[in-house]
There are 2 protein chains.
Amino acid sequence: MDSESDGKPKRLTRAEAKARTRRLLLDAAARTFARKGYAGASVEEIAEAAGYSIGALYSNFGGKEELFIELMVGGAKARVERGGQVFAAVEAGTEDPVTALGRFLMETSDKDDDLALLQAELWLYAMRNPGMRDRLAAAQRESREALEGVMEAVLARVGASGAVPAPAVATVASAMFQGLVRQRRLDPSSVPDDLLRQAMRWLFIGIANAPETPGPSEEDPS
Amino acid sequence: MDSESDGKPKRLTRAEAKARTRRLLLDAAARTFARKGYAGASVEEIAEAAGYSIGALYSNFGGKEELFIELMVGGAKARVERGGQVFAAVEAGTEDPVTALGRFLMETSDKDDDLALLQAELWLYAMRNPGMRDRLAAAQRESREALEGVMEAVLARVGASGAVPAPAVATVASAMFQGLVRQRRLDPSSVPDDLLRQAMRWLFIGIANAPETPGPSEEDPS
DNA sequence: GTCTATAAATAGATAGAC
DNA sequence: GTCTATCTATTTATAGAC
């Protein structure tokens with residue numbers, strides 16, 4: 001509205017202040033949704049956790065649902081970046097790539113207590129909202145593609161390059177990882193530090209030694 | 001209170017009627033919690049889905065939370081039974097035990113649409129209620145022990161008996177299974193029918209061919 | 001035993017002050 | 001841009017009729 005150039009030496013422009021508020025609210029929302037669940041978290045709790053009022057929340061977001069959806073798409077970007085980190089960690093390391101992969105995954109999963117909870121909430125929300133299901137599936141495809149690069153590198157090192165499609169391996173490795181993380185959160189004694197690395201070893205050794213993938217009956221032998 | 005023997009030719013005794021009502025309410029609760037989530041489901045919806053009123057629900061259960069907890073302990077029993085079924089299916093079948101295992105798991109998971117949703121809800125609830133976390137962990141230990149029998153049988157067939165602790169294998173196989181089921185529910189095209197069987201093959205072949213399990217640094221060499 | 005009616009608390013969302 | 005006050009709907013749980 002004010003077209004005059006005010007030379008006010010403000011530290012933050014209005015746009016910057018708003019962006020900061022949005023970020024704080026999103027962080028608080030991630031924590032709160034993880035700890036209380038989507039339906040269990042109230043907008044009041046979220047605003048309070050961010051240090052703002054309900055009004056500020058509604059001034060920056062359409063409401064509770066929009067907040068949650070923004071976390072879903074934002075989390076997708078974070079996952080792709082994490083995929084790149086895994087790739088870098090595995091490529092750069094001089095050690096056994098499977099060991100590097102296993103340790104990196106276990107470390108990152110132990111670092112963020114809320115991540116597994118929030119992902120479970122996102123999955124449930126996506127399963128119950130068809131439109132969101134497709135969006136989350138697309139987001140996960142992206143992050144899995146980032147993982148495929150790692151898989152190919154690892155497969156090459158164990159001497160099974162091209163023996164098996166990388167997407168399938170990435171899917172299985174990712175499922176194994178997420179399943180073990182959830183089990184570890186529920187009962188840490190049942191999933192020792194080293195089990196993820198060992199499981200990854202078994203998987204890749206198995207792929208390297210598996211005979212020609214004989215179909216259940218037969219599929220396309222091309 | 002009425003000590004007189006009333007010879008009323010009722011088809012259901014009071015106790016039987018109450019037991020039936022409880023069962024119908026529990027079934028409805030399982031469906032409703034799976035579809036709407038624990039916090040998202042109202043007692044009114046549950047009672048309605050069971051064909052009763054709110055009053056009947058409160059007459060049979062302490063409330064929403066007690067209903068959910070009964071589902072958790074009831075589900076534990078069901079899991080142990082299912083473990084026995086897996087064992088029977090794998091032992092009885094003349095075919096490759098890994099194929100039998102993979103197919104059995106995929107079939108049972110595709111059969112019940114709500115099961116994976118309800119299990120995710122139970123996990124989240126357990127993660128947020130320490131007392132329930134221990135109870136769910138104990139229940140899962142039981143069902144995993146049932147799986148260990150299957151694992152030993154399969155390991156024996158691939159010639160890796162005793163090479164590796166069965167509990168660890170059961171944990172990894174279970175994690176892989178659950179992770180793939182969730183991924184399949186989210187994006188069926190990313191997890192073809194045969195992938196679970198193939199993943200199980202990779203796992204067991206890997207175990208059979210893995211060298212002496214070299215520790216990350218070293219642990220107890222006993 | 002089950003139902004209807006209702007109490008008491010809390011939810012998401014909005015309006016207007018500043 | 002953010003806060004306070006409030007509206008309306010829905011929630012869990014209970015009380016009393018039948």
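Below, read A as the first sequence line, B as the second, and so on, with proteins coming before strands; counting in each chain starts at 1.
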Exercise for review: Let me have DNA chain C in dot-bracket notation, would you? Count Watson-Crick plus G-U wobble pairs, both distances under 3.5 Å, and use [ ] for pairs crossing earlier ones and | for inter-strand partners.
Suggested key: ||||||||||.|||||||
With sequence neighbours left out, which residue pairs that include part of [range] fulfil the ring pair (Phe, Tyr, Trp, His ring centres under 6.0 Å) condition?
| range | value |
| --- | --- |
| residues 71-109 of chain A | none |
| residues 12-46 of chain B | B:Phe33-B:Tyr38, B:Phe33-B:Phe68, B:Tyr38-B:Phe68, B:Tyr38-B:Tyr125 |
| residues 169-191 of chain B | none |

Study note, to complete from the structure: Rounded to whole Å, the NZ-P distance (B:Lys36 to D:dT10) equals 12 Å
Check your understanding: Where do A:Gln140 and B:Asp187 land on the side chain to side chain contact (heavy atoms under 4.5 Å, CB included) test, with the steps shown first?
Key -> CA-CA 9 Å; A:Gln140 290 208 348; B:Asp187 183 5; over 6 Å; no
Check your understanding: Got a second to check how far B:Met106's CE is from B:Asp193's CG, nearest 0.5 Å?
Key -> 6.5 Å
Point to revise | Verdict with reasoning, B:Gln119 to B:Trp123, per side chain to side chain contact (heavy atoms under 4.5 Å, CB included) | key: CA-CA 6 Å; B:Gln119 279 178 339; B:Trp123 181 80; over 6 Å; no
Polar pairs (N or O, both sides) under 3.5 Å between protein and nucleotides 12-14 of chain D?
residue: D:dT12; atom: OP1; partner: B:Ala41; partner atom: O; Å: 3.4
residue: D:dT12; atom: OP1; partner: B:Lys64; partner atom: NZ; Å: 3.0
residue: D:dT12; atom: OP2; partner: B:Val43; partner atom: N; Å: 3.1
residue: D:dA13; atom: OP2; partner: B:Tyr58; partner atom: OH; Å: 2.8
residue: D:dA13; atom: O5'; partner: B:Tyr58; partner atom: OH; Å: 3.4

Exercise for review: With a 4.0 angstrom cut-off to heavy atoms of chain B, pull out the first and last contacting nucleotide of DNA chain C, in 5'-to-3' order.
Suggested key: C:dG1 to C:dT4
Review point. Checking side chain to side chain contact (heavy atoms under 4.5 Å, CB included) for the pair A:Arg141/A:Thr171: CA distance, chi angles, key distance, verdict?
Key: CA-CA 9 Å; A:Arg141 265 194 294 274; A:Thr171 299; over 6 Å; no
Point to revise | Among B:Leu57, B:Asn60, B:Val43, B:Thr32, side-chain contact (heavy atoms from CB on, under 4.5 Å) partner for B:Leu67 | key: B:Leu57
Review point. Taking A:Asp114 as the fixed residue, which of A:Arg31, A:Arg35, A:Arg185 is the one that meets the salt bridge (charged side-chain N to carboxylate O under 4.0 Å, His left out) rule?
Key: A:Arg35
Point to revise | Under 3.5 Å donor-acceptor, B:Arg184 side chain and B:Val191 backbone | key: yes
